[in-house]
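Presented below is the structure to which this report refers.
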Amino acid sequence: MAELQEVQITEEKPLLPGQTPEVAKEAELAARILLDRGQTHSVETPYGSVTFTVYGTPKPKRPAILTYHDVGLNYKTCFQPLFQFGDMQEIIQNFVRVHVDAPGMEEGAPVFPVGYQYPSLDQLADTIPCILQYLNFSTIIGVGVGAGAYILSRYALNHQETVEGLVLINIDPNAKGWMDWAAHKLTGLTSSIAEMILGHLFSQEELSGNSELIQKYRNIITHAPNLENIELYWNSYNNRRDLNFERGGDITLKCPVMLVVECNSKLDPTQTSFLKMADSGGQPQLTQPGKLTEAFKYFLQGMGYMASSCMTRLSRSRTASLTSAASIDGNRSRSRTLSQSSESGTLSSGPPGHTMEVSC
């Protein structure tokens, strides 16, 4: 009989003592599920506790993507369709994400007591430094919708050195005028809070169509267990101050901005990429996640990130290279590429590099 020889096998991923391969596989799967679900944290701020959820791990020399949702929504109902979209996976693999819930908007939030003074939008902007300090993050790329876009803009005006870029969807930078107040009061006499918020979120055409999406969000808002909290956030939005943006003035956003859909005339055209989306409605991150994702990729490329990303949905027809703001350490400048394009091949008549048009 041939002599047996001892062969030593080295395990590439040693198991814990007493752990079987099956148990190890289950533990790895559980860890992956936990990462996919994100890690939820709460931090105390001068204006109450703020809840936020972190997905992924920080990437060296890259900002975090920080989102802020609109009135009537939370981070899931506002951004989940966008960040779960297939083409978005390339982006989220390259950036850590921080999804902020406005106070009292997070899932399972208790109703605030009667008389509770809800923070103003300016005060909500002042809670963001507490979040970044808690996470030890230096810079962000903000993505905001409606009220969330206003909050991130206010934060960027006060903390320019920490904001590398902004994606602002349907922002209204103006305070309500007397006519707006009168219309708001009259509407309040005949409509519920839920219906007024739906009118803010969606266009009249969308509401009249009463699509499955509209029915879904009407049900979410109407039957929200924290509807009293939502009304407080709604009131803060309607009491917002004017951001006082001035093109060419001292009060303007210094970072690159991708603007969807309003207030283009008030922002610096050398820093703003204006995205017009046909038939996108009031919430394009819900109705047109594919086109918004593709535009976001172009925007990130223009900031010097994801240079090798493959573009599939939008055709690039011409570009203009502009100098963007440097990162917080001041050591790295980026060449910013703006695209003017549409799937139909029609270009806007404005100056080159200021508009990205997308047709559906």
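Everything quoted here is computed from the prediction, not taken from an experiment. We count residues from 1, following the sequence as given.
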Do you see a donor-acceptor pair shorter than 3.5 Å between the side chains of [X] and [Y]?
X: Thr53; Y: His99; result: no
X: Glu206; Y: Ser203; result: yes
X: Ser236; Y: Ser120; result: no

What about the rings of Phe52 and Tyr134, do their centers lie closer together than 6.0 Å?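 Yes, the ring centres sit under 6.0 Å apart.
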
Test item: [X] side-chain N/O and [Y] main-chain N/O as donor-acceptor pair under 3.5 Å:
X: Asn229; Y: Pro103; answer: no
X: Gln288; Y: Leu286; answer: no
X: Tyr116; Y: Val111; answer: no

Would you give the length of the straight line joining atom [atom1] of [X] to atom [atom2] of [Y], rounded to the nearest 0.5 angstrom?
X: Tyr305; Y: Lys61; atom1: OH; atom2: NZ; answer: 10.5 Å
X: Leu292; Y: Gln285; atom1: CG; atom2: CD; answer: 7.5 Å
X: Thr222; Y: Leu227; atom1: OG1; atom2: CG; answer: 8.0 Å

Is it true that Tyr47 and Val43 fall in one hydrophobic cluster, defined by side-chain heavy atoms closer than 4.5 Å?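 The answer is no; the residues belong to distinct hydrophobic clusters.
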
Name the one of Gln89, Lys59, Arg62 that satisfies side-chain hydrogen bond (donor to acceptor under 3.5 Å, both in side chains) with Asn94?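 Only one option passes, and that is Arg62.
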
Partner of Tyr155 under side-chain contact (heavy atoms from CB on, under 4.5 Å), chosen from Asp126, Ile140, Leu166: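 Among Asp126, Ile140, Leu166, the one meeting side-chain contact (heavy atoms from CB on, under 4.5 Å) with Tyr155 is Ile140.
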
Only one of Val143, Val96, Leu132, Thr139 forms a side-chain contact (heavy atoms from CB on, under 4.5 Å) with Leu66, so which one is it?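 Only one of Val143, Val96, Leu132, Thr139 forms a side-chain contact (heavy atoms from CB on, under 4.5 Å) with Leu66, namely Leu132.
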
Does any part of the side chain of [Y], heavy atoms only, come nearer than 4.5 Å to the side chain of [X], both counted from C-beta?
X: Leu121; Y: Ile151; value: yes
X: Met105; Y: Ile230; value: yes
X: Asp122; Y: Tyr150; value: yes
X: Phe299; Y: Pro256; value: yes

If you measure from the Lys or Arg side-chain nitrogens to the Asp or Glu carboxylate oxygens, is any gap between Asp172 and Arg240 under 4.0 Å?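 Result for this pair is yes, salt bridge flagged.
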
For Phe79 and Phe83, take the angle between the two ring planes, folded into 0 to 90°, and tell me which bin it lands in: parallel under 30, tilted 30 to 60, perpendicular over 60.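 Perpendicular.
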
Using a 6.0 Å cut-off, check whether atom CD of Gln215 has over 12 heavy atoms from anything other than its own residue.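 Correct, the count exceeds 12.
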
More than 12 foreign heavy atoms under 6.0 Å from CG of Asn136: is that the case here?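 Open: at most 12 neighbouring heavy atoms sit under 6.0 Å from CG of Asn136.
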
